[in-house]
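In this text, all values refer to a predicted model and were calculated from it rather than measured experimentally.
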Amino acid sequence: MIEFRELTTKMEMREVQRLEYRVWGMNPIPTHQTMTAVKNGGIMLGVLDDGELVGFSYGFVGFHAGRSYLCSHMMGLDEAYRSQGLGEQLKQKQREIALQKGYKLITWTFDPLEARNAYLNITKLRGVCDTYIDNCYGDMTDKWNKGLPTDRLEVHWHIQQPYVEKGISIAADEAVELNNCVRKENSYSVNQDRKMDCLEAETFAVHIPNQFQQLKQQYPERALEWRLAVRTYFKKLFQMGYVAVELKRGQWKSTYYFVKKERLEWKDEG
């Protein structure tokens with residue numbers, strides 16, 4: 001039976017370490033750090049199957065401009081438990097506990113070229129992205145990040161806002177497309193640049209290839225081209241006051257949609 005619950009003990013933190021290493025293949029976070037964080041407003045949430053830890057999320061307290069928030073630093077699921085909706089359930093449980101603790105905002109980062117993560121973060125959870133960080137973590141050597149700049153989108157999940165419950169309607173067929181994505185060479189995607197000749201539109205669209213990890217392994221030069229192209233598009237749109245609010249997934253490509261932030265239903269968070 002699947003269970004979601006907070007983890008607080010030293011033994012549980014050690015179990016998280018073992019799972020963290022299996023998922024990410026790099027040195028896990030020290031238990032003295034995670035223990036201190038959860039004793040001071042952080043949240044370590046576990047997914048257990050008949051008592052065995054198979055997933056986790058870890059967040060600690062962040063602070064900016066006089067306001068605190070939950071910085072959701074890491075989430076992972078055992079390989080056998082992926083693509084079953086547990087990631088979304090884990091985030092929703094995190095939101096529930098964060099609300100109980102008095103948080104109004106949860107933030108985290110993800111690779112904008114990982115379509116599956118983007119779909120969860122901004123389409124299903126309705127996080128909002130308006131910040132792009134070049135090479136966020138510097139050079140990393142784990143299997144997921146090796147060989148490319150570690151660019152990240154920063155997600156702002158305003159967990160008390162009406163937008164999180166309602167979302168907005170996107171007229172995808174009316175969006176101005178800033179690039180194209182075609183299939184070449186054994187069905188891998190390659191970017192075909194379109195100039196940003198329209199600086200004002202209700203909705204913009206940026207296409208990305210699916211299966212980016214596979215693209216990195218077989219065509220690293222093309223993966224770098226995608227990294228730099230997406231960086232340019234996103235940063236320009238954010239500078240123009242647009243936010244990423246949805247990703248639609250296709251068979252071999254996915255599409256981000258951007259609208260002006262004023263379109264979101266928002267209330268003063270105080």
Inset, instruction - Identify whether the distance between the nearest side-chain nitrogen and carboxylate oxygen of Asp151 and Lys235 falls below 4.0 Å. - result: no
Inset, instruction - State plainly whether the residues Asp134 and Arg152 are in salt-bridge range, i.e. N to O under 4.0 Å. - result: no
Inset, instruction - Using the test ring pair (Phe, Tyr, Trp, His ring centres under 6.0 Å), find all partners of Trp157 that sit at least two apart in sequence or belong to another chain. - result: Trp108
Legend entry - Shortest non-hydrogen contact between Gly41 and Lys101, atoms and distance: O-CD, 4.3 Å
Legend entry - Arg116 (side chain) donor-acceptor with Asn210 (main chain) under 3.5 angstrom: no
Legend entry - Heavy-atom side-chain contact between Gln160 and Glu165 under 4.5 Å: no
Inset, instruction - Can you establish whether the number of heavy atoms outside Gln100 located under 6.0 Å from its atom CD is more than 12? - result: yes
Inset, instruction - Assign the ring pair His73 / Phe60 to parallel, tilted or perpendicular, where the plane angle (0 to 90°) is split at 30° and 60°. - result: tilted
Legend entry - Aromatic ring pairing Phe258/Tyr256, orientation class (parallel under 30°, perpendicular over 60°, tilted between): tilted
Legend entry - Worked verdict on Thr255 versus Leu247 for side chain to side chain contact (heavy atoms under 4.5 Å, CB included): CA-CA 5 Å; Thr255 305; Leu247 179 126; over 6 Å; no
Legend entry - Asn27 atom CG, neighbour heavy-atom count above 12 within 6.0 Å: no
Inset, instruction - Check step by step if side chain to side chain contact (heavy atoms under 4.5 Å, CB included) holds for Thr203 and Arg263. - result: CA-CA 11 Å; Thr203 308; Arg263 284 195 56 198; 4.0 Å; yes
Inset, instruction - Answer yes if the side chains of Lys91 and Ser72 hold a donor-acceptor pair under 3.5 Å, and no otherwise. - result: yes
Legend entry - Gly87 to Leu77 - nearest heavy-atom pair and separation: N-CD1, 3.8 Å
Inset, instruction - Examine Leu228 and Tyr219 and state if one hydrophobic cluster contains both, with Ile, Leu, Val, Met, Phe, Trp and Tyr joined whenever side-chain heavy atoms are less than 4.5 Å apart. - result: yes
Legend entry - Whether over 12 other heavy atoms sit under 6.0 Å from Gln84 CD: yes
Legend entry - Residues forming a side-chain hydrogen bond (donor to acceptor under 3.5 Å, both in side chains) with Thr131, sequence neighbours excluded: none
Inset, instruction - Examine Phe204 together with Tyr242 and report whether their ring centres are nearer than 6.0 Å. - result: yes
Legend entry - Those residues that, when tested against Tyr81, pass side-chain hydrogen bond (donor to acceptor under 3.5 Å, both in side chains) (two or more places apart): Asp49
